[in-house]
Amino acid sequence: FRVLSSLPLSLLPHALSLSLLSVFSLFVEIRADGSLSLFKTRPGASSGIMLGAVTLPTVMLSKLIQLSRAFSLQQIEIGELEHMTMQFCAASACCCGVLIFLSILMWCAAYNKNPHFSCSVWDAKFSLSCVILFSVVCCISLATISHTGFNTALKLLWLLCHGFAAVKLIQHLLNTFPCCASIGEALLLTSGLVLYFGDMLACTISKVCRLLVSPELVSIRYGIKRSEIGIIIQGVLLGLLIFSAVFKFFIHLWEYFCRADNSESRKNKEIRRSLIFFASLGFTMIVVAPSWMMIVLDFDVHPILWIFHFVLSEPLKRLSLCIYWLGLIYASVLRFYNISKNSKIERILLRKYYHLLAVSMFLPALIYQPKFLDLAFGAALAVFLVLEIIRVWRIWPLGQLVHQFMSAFTDHRDSDILIVSHFSLLLGCALPIWMSSGFNDRPLIPFAGILSLGIGDTMASMVGHKYGVLRWSKTGKKTIEGTAAGIVSVLAACSVLLPLLASTRYIPTQHWFPLLIAVTTSGLLEAYTAQLDNAFIPLVFYSLLCL
């Protein structure tokens with residue numbers, strides 16, 4: 001409601017589509033209890049379908065509202081506005097596709113139990129009505145950024161591909177990694193991955209069509225300017241995706257031939273597999289991914305050379321920041337690892353110290369070196385992904401060591417199959433910063449993750465654990481005292497941060513009442529939700545700050 005109340009009249013079709021998506025997702029979540037036993041979700045968590053379905057489209061719509069202000073001020077071109085409109089439609093299509101899939105599963109389950117159950121027929125009619133209305137509104141939204149009916153048809157086909165890909169991916173995630181996530185968490189991850197890699201595919205298609213046929217055949221306009229750091233992060237993630245798929249296929253072949261040949265010792269097989277792993281990883285990161293960046297996205301130089309030049313352009317500041325980060329990480333990890341092995345402190349409380357570590361690492365860099373922090377986040381994400389691949393596949397000699405080390409920091413939301421807490425904390429801090437690149441008339445937007453997770457969530461947990469008496473519910477652990485402490489701490493941090501930002505650069509005047517609504521809403525969400533708060537709270541806080 002807060003987002004919809006801030007929409008200009010030109011975005012009315014988008015408001016209607018988001019409203020339909022919200023109603024549809026709420027309906028599916030209410031009907032989902034006990035009907036989706038086909039998937040093994042994370043124990044102790046609710047389905048979270050509505051939160052997972054509306055979060056990313058709401059973020060895209062909030063960003064679209066912000067860009068509409070920029071376009072009215074003639075600070076951006078129409079291409080950026082059309083691109084963000086398409087991103088909003090694609091995110092909504094991903095979530096709608098998954099909701100349709102879940103509705104079909106529930107209808108089949110209800111019909112199998114009782115073929116004459118009239119409620120299942122009513123459910124099917126209601127779901128079909130929501131889908132038809134949503135499709136009509138999407139057509140109207142796409143017509144606003146299309147010049148011909150053929151162009152609109154191509155964009156609708158592109159959205160249909162997003163929805164189909166989201167359905168296949170969420171099935172794969174929930175079946176491959178059972179008990180690792182709720183349906184809502186898997187839906188947020190699925191829609192984000194499909195949207196991000198769909199953007200890469202659209203760029204590639206656009207480049208190929210411009211080279212071979214005609215740019216008019218491209219269904220999405222991708223003429224917006226992309227930063228070099230954003231291109232590098234996209235290329236690295238694409239390289240890791242390709243590498244994971246190819247190496248998984250290679251592992252299956254390897255195991256097949258190893259079963260046929262038992263003469264070679266197990267140790268030698270692991271060493272040979274490890275050598276192939278690291279050699280192919282290096283080839284992908286040094287040759288394959290940079291080639292895609294240079295050909296598709298017109299990157300002028302090799303990305304590794306560009307990174308060296310970028311870091312050494314301000315060597316004193318950026319190398320000093322690297323030394324500061326490494327010192328903090330070494331001291332903190334060594335200290336907390338020993339505590340986690342020998343102390344009786346609750347694991348969830350111990351991990352909040354890493355939230356404070358994130359504040360001490362990222363806050364100074366975001367104020368004084370924001371572009372370098374963008375690049376550092378991408379490098380950290382790549383390292384985390386490589387280490388998780390090594391841990392899951394037990395790549396010699398680091399696989400078992402990484403698994404033992406990471407297991408010391410897990411809690412009930414992690415599993416032996418997949419450890420997600422460090423990813424959610426990193427992305428929770430990084431995504432608001434990445435999404436605020438370009439036009440930004442709200443100074444606190446890049447700090448959404450750091451403020452909500454590093455300060456608000458940490459203070460809520462610590463104060464609630466030590467002083468909390470009044471609980472929000474009889475079964476939950478969240479307390480009113482902890483929630484109040486989180487909200488007050490974020491507001492206090494904002495009151496200190498705004499004058500500091502004003503002293504370093506010009507910032508627009510901040511109105512405190514919308515800020516109070518944003519902080520309070522995200523604080524109440526942290527208290528209410530049983531989902532992975534590191535994933536949802538920063539995005540919700542970001543979308544509210546955009547307004």
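- Looking only at atom types and distance, the side chain of Trp472 has no donor-acceptor partner in the side chain of Thr479 under 3.5 Å away.
- Between the Thr458 side chain and the Leu453 main chain, a donor and an acceptor come within less than 3.5 Å of each other.
- You'll find the side chain of Glu80 stays beyond 4.5 Å of the side chain of Phe71, heavy atoms only.
- For the pair Leu188/Leu532, no side-chain contact is recorded, criterion being any heavy-atom separation below 4.5 Å from C-beta on.
- Within the 4.5 Å cutoff, side-chain heavy atoms of Met435 are placed close to those of Leu539.
- With sequence neighbours left out, Ser522 forms a side chain to side chain contact (heavy atoms under 4.5 Å, CB included) with Ile537, Phe541.
- Using a 4.5 Å cut-off on side-chain heavy atoms (C-beta onward), Arg69 and Ile65 make contact.
- Side-chain contact of Glu526 with Thr483: a donor-acceptor pair under 3.5 Å is absent, judged by distance alone.
- Side-chain N/O atoms of Thr41 and Glu185 include no donor and acceptor closer than 3.5 Å.
- Side-chain contact check for Gln66 and Arg442: no donor-acceptor pair (N or O, by modelled atom type) lies under 3.5 Å.
- The shortest distance between side-chain heavy atoms of Met462 and Leu356 falls below 4.5 Å.
- Put simply, the residue from Val28, Leu187, Leu169 that forms a side chain to side chain contact (heavy atoms under 4.5 Å, CB included) with Val98 is Leu187.
- Under the side chain to side chain contact (heavy atoms under 4.5 Å, CB included) test applied with Val383, the options Leu385, Val386, Leu387 reduce to a single match, Leu387.
- Atoms CH2 and CG, from Trp434 and Leu381 in turn, are 5.0 Å apart once rounded to the nearest 0.5 Å.
- Among pairs with a residue in residues 485-495, none fulfils side chain to side chain donor-acceptor pair (under 3.5 Å), at least two apart in sequence or across chains.
- For an aromatic pair to be called close, the ring centres must be under 6.0 Å apart, and Trp393 with Phe243 fails this.
- In this structure, a donor-acceptor pair under 3.5 Å is absent between the side chains of Gln75 and Asp441.
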